[in-house]
Novice: 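Can you read through this structure? Questions will come right after.
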Amino acid sequence: MTTILVPGKTGQVGWELQGALAPLGNVLALDRGRMDLTNTDSIRRVIREAKPEIIVNAAGYTTVDEAESEPELAMQVNGVAPGIMAEEAKRIGALLVHYSTDYVYDGELNRPYLEDDTPRPVNVYGASKLAGERAIEAIGGAYVILRTSWVYSNRRTNFVLTILRLARENKELKVVDDQAGSPIWARALAEATADLLRRKDLIPAHSGIYHLSAAGHTSRYEFAKTIIRIMREVSGIADGWASVKPITSDQYPLPAKRPRNPVTDKDKVQRVFGVEMPRWEDQLRDFLAGLSGTAPPAEAAEPPAAGSL
Ligand SMILES: NC(=O)c1ccc[n+]([C@@H]2O[C@H](COP(=O)([O-])OP(=O)(O)OC[C@H]3O[C@@H](n4cnc5c(N)ncnc54)[C@H](OP(=O)(O)O)[C@@H]3O)[C@@H](O)[C@H]2O)c1
């Protein structure tokens, strides 16, 4: 049976991968206690012991603002560790799937980015993720790098859960209207990754970078309004929701600058691997219906059986 190693099991994507990848093999999902990405020896040792056919790296340093004050740590986890994984994967002939971000772009292009447009990160997080991409590319094994965008789930902290909370606690929310993205439910991303791996024989000949996020795009402001509108509908709770007002990023300064419009073209992953994503609004509706209890739960309390090392 195919062994699939998944570092980052406690994260939004890593959690969902455990269920989505289960039909494809024996999933060995690892928390940071089993594989610490700041410890090169730990990465090498675990991969050498497990000898997986596939590694799907869902671990990463993801706190964009904190990265500004911890650049070495962000670089070690996002920039260096993926290269070590790629080296070990190549040594044993394993495929590597790795997640990156549309924050590698500066967001100043006036059309959707293509995978070979020049990345110009505007913050430490983006620079560290770009370094990870380059480290994997330099090893030259069989790999797929998936640049995704605005991930949410019912775990950890994310934009959707934050808006839902703030919208009940306040009368008015101010949300930036000059940043765009393609919000994706972690479950949809995990399922798309599984679809891609169903065609894993294509990876050696098509190693490279692919955009993979929801179809369509939106601004943070429109996204917030849509979260509240759909939640009102699916929950049946009509009152007690904040109104949403647009502001600019300058009116809401944060430690890390954000790219303004890093919207990506997603045709390549569809052309090469046949992976097609639903529109962001449809994913959001499914997710919120699960959260409000009007559809099957968005996420089981425990992921389906996954192995551990
Ligand atoms: N979230 C987004 O909006 C977004 C957007 C674009 C791209 N991405 C990329 O998508 C991937 C998955 O994101 P996500 O939202 O699922 O992230 P997440 O929920 O923040 O989870 C990150 C995972 O990485 C683990 N981790 C962090 N530092 C580690 C270390 N030193 N050693 C081992 N494990 C470590 C965390 O473990 P602990 O639980 O122990 O902290 C957690 O399991 C990442 O590569 C991210 O850069 C995310």
Side-chain angles (χ1 to χ4, degrees), residues 5-18 20 29-43 46-47 55-67 70 72-82 84-85 96-105 107 119 121 123-133 135-136 144-162 179-190 192-193 209-214 217 220 223 256 258-259 262-264 280 283 299 303 306 308-309:
L5 204 68
V6 180
K9 74 179 267 191
T10 54
Q12 301 191 88
V13 178
W15 192 261
E16 293 290 348
L17 281 169
Q18 295 169 67
L30 310 170
D31 61 18
R32 74 165 78 204
R34 306 301 313 197
M35 184 193 276
D36 179 356
L37 268 56
T38 62
N39 179 339
T40 306
D41 290 343
S42 140
I43 301 170
V46 172
I47 296 175
I55 302 170
V56 183
N57 178 30
Y61 183 108
T62 57
T63 42
V64 175
D65 289 310
E66 285 168 26
E70 295 184 318
E72 292 86 10
L73 180 57
M75 189 54 82
Q76 182 63 36
V77 174
N78 291 341
V80 177
I84 308 292
M85 279 186 213
L96 174 64
V97 178
H98 174 75
Y99 298 98
S100 188
T101 172
D102 56 357
Y103 277 20
V104 296
Y105 300 119
N123 56 38
V124 169
Y125 168 76
S128 71
K129 296 296 290 185
L130 180 60
E133 292 185 358
I136 293 170
V144 171
I145 294 168
L146 302 172
R147 283 186 186 150
T148 192
S149 166
W150 294 3
V151 179
Y152 60 87
S153 73
N154 62 0
R155 293 176 67 73
R156 300 171 83 97
T157 307
N158 59 65
F159 189 79
V160 176
L161 296 183
T162 302
Q179 291 170 27
S182 300
I184 186 167
W185 181 13
R187 177 170 297 180
L189 181 55
T193 305
I209 295 174
Y210 295 83
H211 294 149
L212 183 59
S213 51
H217 61 269
R220 292 252 182 222
F223 187 25
R258 265 61 173 180
V263 168
T264 55
W280 67 269
Q283 294 183 29
E299 192 175 78
S308 60
L309 277 177

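Keep in mind the model is a prediction, meaning the values are calculated, not measured. Just so you know, ligand 1 is whichever comes first in the structure, and atom 1 is the first atom listed for that ligand.
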Novice: If you draw the axis of the six-membered ring of Trp15, does the NZ or CZ of Arg156 fall within 45° of it and under 6.0 Å from the ring centre?
Specialist: no
Novice: Any side-chain heavy atom of Gln18 within less than 4.5 Å of one from Lys9?
Specialist: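 They are in contact (side-chain heavy atoms under 4.5 Å apart), so the answer is yes.
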Novice: Under a 4.0 Å threshold between the charged nitrogen and the carboxylate oxygen, would Glu133 count as salt-bridged to Arg147?
Specialist: yes
Novice: Cut-off 3.5 Å, side chains only: do Tyr105 and Thr264 have a donor facing an acceptor?
Specialist: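 Short answer, no.
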Novice: Identify whether the distance between the nearest side-chain nitrogen and carboxylate oxygen of Asp102 and Lys129 falls below 4.0 Å.
Specialist: no
Novice: Please tell me whether Glu66 and Tyr125 have a donor and an acceptor in their side chains that are separated by less than 3.5 angstrom.
Specialist: no
Novice: Heavy-atom cut-off of under 4.0 Å around ligand 1: list whichever protein residues fall inside it, by chain and number.
Specialist: Gly8, Thr10, Gly11, Gln12, Val13, Arg32, Met35, Asp36, Leu37, Thr38, Ala58, Ala59, Gly60, Thr62, Val77, Tyr99, Ser100, Thr101, Tyr125, Lys129, Thr148, Ser149, Trp150, Val151, Arg156
